[in-house]
Amino acid sequence: MNDSIFFYALLSGSFLFAGMVKGFTGMGLPTVAMGLLGMVIPPSIAASMLLVPSLVTNVWQLFSGGAIAGLVRRFWPMLATIVLGTVGGSALLVRIDPTWSGFALGSALIVYALYALFARALSVPRPLEKWLSPVVGLVTGVVTGATGVFVMPAVPYLGALGLEKDELVQALGLSFTVSTLALALGLLVNDAFRLNQLGLSLLSVVPALGGMWLGSLIRARISPKRFRQCFLVFLVVLGVELASRVLF
């Protein structure tokens, strides 16, 4: 009984906090939820639980503006290879030792957070997109399939294209939505998604949306720069904890 209470409290708290981060920054729900849940349950199960709340919040973000058709035309090569990479990479999430999957997740968190904290802003010329988009999509897909985290390297790549603020938020929502659907397909193909996990995933929508609402309130009250720094430092600490499990 106590274990069940602890699990449901952890599940709700994880998605509440993850939704709050997404409400503030426009991203981070799967990253935070996978990191927190991955400390106590196998990453493949954690990935299954984040599918519905991630999809709901990403679709909401995707339809926050009117540039959807143009973004799909521009980024379809990246989206196509995200699907291929995610479905193929999801076999790793299901079959490898959870300790090593946690190591991969922790490493992805550390790389992303350190990049965001210290790297100079990148700029990708428009003509290079034709060649870079499919490669970025494939790598992002493999990382998504293997870890359940959607951010690397798609987020820094999209951020380097010089998109307008609202257009960038929609582009992230588009990338995350496709990644979520592809991850669901990959888990189904590998027989790693169960109906009881779908129920828990549906229940997680409520704290995730509540967190997004709280995140929007916080955004209006504190410095975005300070919050972003604290969030990224938190991801580094979380990533180190997950990655270091291979040593013990």
Side-chain angles (χ1 to χ4, degrees), residues 18-19 21-34 47 50-90 108 112 115-116 119-145 147-186 205 208-209 211-212 215-216 219 224 228 231:
V21 171
K22 185 174 181 64
F24 188 90
T25 65
M27 56 176 291
L29 187 145
T31 309
V32 174
M34 279 293 294
L50 68 83
L51 289 176
V52 176
S54 181
L55 181 61
V56 170
T57 55
N58 287 331
V59 169
W60 185 296
Q61 181 175 332
L62 171 61
F63 285 93
S64 62
I68 299 174
L71 290 172
V72 171
R73 286 194 298 268
R74 181 172 178 177
F75 294 117
W76 73 263
M78 183 182 77
L79 301 175
T81 52
I82 281 176
V83 174
L84 293 176
T86 302
V87 174
S90 61
Y112 169 68
Y115 168 85
R120 293 182 178 179
L122 297 177
S123 178
V124 176
R126 184 70 179 261
L128 291 182
E129 285 186 41
K130 178 181 179 181
W131 310 104
L132 284 178
S133 285
V135 175
V136 169
L138 184 62
V139 175
T140 299
V142 172
V143 173
T144 297
T147 68
V149 175
F150 309 152
V151 296
M152 289 296 291
V155 169
Y157 172 70
L158 290 173
L161 296 178
L163 299 171
E164 296 295 331
K165 180 181 177 181
D166 292 341
E167 193 178 23
L168 176 59
V169 170
Q170 273 197 283
L172 290 172
L174 177 61
S175 175
F176 295 159
T177 298
V178 171
S179 294
T180 303
L181 294 172
L183 182 60
L185 177 60
V205 171
L209 291 177
M212 287 189 71
S216 66
R219 183 172 55 200
R228 179 177 178 273
F231 167 59

Discussion item. Checking the side chain of Ser175 only, and the main-chain atoms of Leu172 only, is there a donor and an acceptor separated by less than 3.5 Å?
Written reply: no
Item to complete: Quick one: pull up OG1 in Thr144 and CG in Leu183 and give me the separation to the nearest 0.5 Å.
Response: 7.5 Å
Worksheet item: For Val59, which of Thr177, Thr180, Leu181 qualifies under side-chain contact (heavy atoms from CB on, under 4.5 Å)?
Response: Thr177
Discussion item. I need the Arg74 CZ to Arg126 CZ distance, nearest 0.5 Å.
Written reply: 3.5 Å
Practice prompt. Start with the C-alpha gap between Val136 and Trp131, add the side-chain angles, then the distance that decides, and say whether side chain to side chain contact (heavy atoms under 4.5 Å, CB included) holds.
Written response: CA-CA 9 Å; Val136 169; Trp131 310 104; over 6 Å; no
Discussion item. With side chain to side chain contact (heavy atoms under 4.5 Å, CB included) as the criterion, how do Leu209 and Thr57 come out once you've worked through the C-alpha distance, each side chain's angles and the decisive distance to 0.1 Å?
Written reply: CA-CA 7 Å; Leu209 291 177; Thr57 55; 4.0 Å; yes
Item to complete: Let me see the working for Ser54 and Phe150 under side chain to side chain contact (heavy atoms under 4.5 Å, CB included), right down to the final yes or no.
Response: CA-CA 10 Å; Ser54 181; Phe150 309 152; 3.4 Å; yes
Practice prompt. For the pair Ser90 (side chain) and Val87 (backbone), establish whether a donor and an acceptor sit closer than 3.5 Å, ignoring hydrogens and angles.
Written response: yes
Fill in: Nearest-0.5 Å distance, CD1 of residue Ile68 to CZ of residue Arg73
11.5 Å
Practice prompt. Find the distance between CG (Leu50) and CG (Leu55) and round it off to the nearest 0.5 Å.
Written response: 10.5 Å
Worksheet item: Once you round to the nearest 0.5 Å, how far does NZ of Lys22 lie from CD of Gln61?
Response: 3.5 Å
Worksheet item: Between Ile82, Leu161, Val178, which is the residue that forms a side-chain contact (heavy atoms from CB on, under 4.5 Å) with Phe75?
Response: Leu161
Practice prompt. For Thr140 and Tyr157, test the side chains for any donor-to-acceptor distance below 3.5 angstrom and give the result as yes or no.
Written response: no
Worksheet item: Out of curiosity, Leu71 CG to Leu168 CG, how far, rounded to the nearest 0.5 Å?
Response: 9.5 Å
Discussion item. Contact between Tyr115 and Pro153 at the side-chain level, heavy atoms closer than 4.5 Å - yes or no?
Written reply: no
Worksheet item: Is the shortest heavy-atom distance from the side chain of Met78 to the side chain of Leu158 under 4.5 Å?
Response: yes
